[in-house]
Amino acid sequence: MFDSEVMISIEDALDLILAQAQTTEIEEVAIVESLGRVVARDLISDIDIAPFDNTSMDGFALRSADIAIATPEAPVTLDVVAHIGAGYVYADTVLPGTAVRIMTGAPIPAGSDTVVKIEKVTWTGDGGTGEKATFIGPSSVGENIRPHGEECLAGEVVMQAGEIITSSGVGLMASTGHRCAPVHRHPRVGIISLGTELVDVDTTPGPGQIRNSNCFSLAAEAALAGAEPVIFPTVADDFSAIASALERACSQCDVVVSSGGASGGDFDYITQAADSVGEVFFKYVNMKPGKSQTFAIINGLTPFFGLAGNPAAATVGFEVLVRPLLRKMQGYSELKRPVTRAILSGGMKKVEMRRSLLRGRVERQPDGTYKAKLAKNQSSALLGALHHANCLVVIPEGGVQAVDGMEVDCLRFDMEEGTV
Ligand code: AMP
Ligand code: MG
């Protein structure tokens with residue numbers, strides 16, 4: 001039986017949790033579906049990109065030597081022997097005294113070594129014989145030519161395992177021959193709500209009852225963290241029902257999260273239930289809201305979180321403890337939300353010994369500084385305050401009072417980890 005009443009720091013809790021993280025298997029998904037996910041293997045190109053030297057401008061391809069002495073006063077005129085656009089190849093060689101009219105993306109014809117952009121040229125004719133182009137200045141070798149292999153060569157790594165796939169990354173995969181991308185499978189996150197008082201959203205609660213909101217907010221949190229939520233039936237406050245629901249969910253999911261029944265109340269069984277089917281690592285974390293947060297490994301395999309029941313406490317617990325694990329399982333290396341340093345506007349009368357994660361909004365001021373405003377009511381029963389917040393304002397543990405004008409760290413849950 002687990003009996004530790006020790007309250008550990010968020011950092012120690014995360015160390016214990018993240019040490020248990022195993023990346024999910026690799027799956028292949030259509031490249032557009034891979035957006036924002038982590039590429040799980042190095043990707044190489046099957047061809048050189050660009051595959052051939054090509055023009056970066058609409059203009060005229062020619063031999064630079066032919067117009068080396070051109071000036072506005074003494075222009076040089078060349079015969080235009082062809083017109084080519086992207087997708088066409090000039091089959092002949094550009095001879096001295098001639099030029100090929102060429103459009104962006106078209107291969108540089110053999111014999112030519114420079115392109116003069118069309119705005120700098122005057123010409124006669126419409127592509128038929130006898131067309132001429134006049135140049136009023138020189139053009140150096142290679143000018144307006146995109147060299148073959150500028151992006152990469154065949155066999156070269158274009159994306160390394162661990163990189164987050166951007167929209168341009170999707171394009172890079174396409175141009176290098178990848179229709180699908182290898183990514184870590186979305187972890188399946190089982191969500192169990194504990195509480196005899198809970199009824200479903202479609203039911204008007206009777207005396208003593210409330211609607212189960214946590215299963216939905218936690219499912220949404222799981223989805224936001226890149227996981228696939230699986231909502232399990234609500235379980236009443238009954239030890240053996242909880243233990244069997246826990247085992248069942250853990251056998252079907254990669255991670256399981258429950259809410260409610262997590263503290264020391266008369267009907268709070270989750271820690272003992274987790275202990276009966278697994279190994280409990282901790283039960284209390286030095287944070288407010290959400291002190292009662294059980295973490296366990298069930299049946300030697302599945303990470304399990306017994307989050308606090310109060311809606312804001314459950315969501316904050318998920319944000320701080322569960323989300324980093326889910327990201328690590330998908331190969332992300334950035335596990336911390338960006339922090340904005342801000343000046344607190346307003347304060348709190350109450351002084352806490354635990355580290356407070358207060359719901360608030362941080363906003364950039366016209367002078368470039370940041371101001372953080374706290375939600376008026378910090379009750380952990382409230383969802384609205386969290387809904388309107390964009391950050392958690394950190395007030396350090398140990399009886400620090402939140403006062404107007406103090407500098408604070410704001411954990412930006414409106415910004416993805418790794419954003420600078
Ligand atoms: P507990 O952790 O079980 O003591 O619950 C703390 C508070 O959160 C109580 O007021 C519960 O009614 C409430 N609560 C627990 N589970 C849920 C849930 N799934 N949805 C909404 N409120 C909940
Ligand atoms: Mg309860």
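Atoms within each ligand, like the ligands themselves, are counted from 1 in listed order.
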**Donor + acceptor pair across side chains of Thr55, Asn144 (<3.5 Å)** = no

Roughly how far apart are Ile17 CD1 and Phe305 CZ, rounded to 0.5 Å?
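Answer rounded to 0.5 Å: 4.0 Å.
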
Working to the nearest 0.5 angstrom, can you tell me the gap between Lys371 NZ and Thr340 OG1?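 One finds 15.5 Å between NZ of Lys371 and OG1 of Thr340.
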
**Item:** Within the 4.0 Å heavy-atom sphere of ligand 1, strictly under, residues
**Value:**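 Contacts of ligand 1 under 4.0 Å: Ser193, Leu194, Glu197, Leu198, Ile210, Arg211, Asn212, Ser213, Asn214, Ser259, Gly260, Gly261, Gly309, Asn310, Pro311.
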
Paired with Arg41, the salt bridge (Lys or Arg N to Asp or Glu O under 4.0 Å) test is passed by just one of Glu27, Glu163, Glu28, namely Glu28

Indicate the ring-plane relationship of Phe281 and Phe295, choosing parallel, tilted or perpendicular according to the 30° and 60° boundaries.
tilted

Could you walk me through whether Ser193 and Asn212 pass the side chain to side chain donor-acceptor pair (under 3.5 Å) check?
CA-CA 7 Å; Ser193 306; Asn212 179 358; 2.9 Å; yes

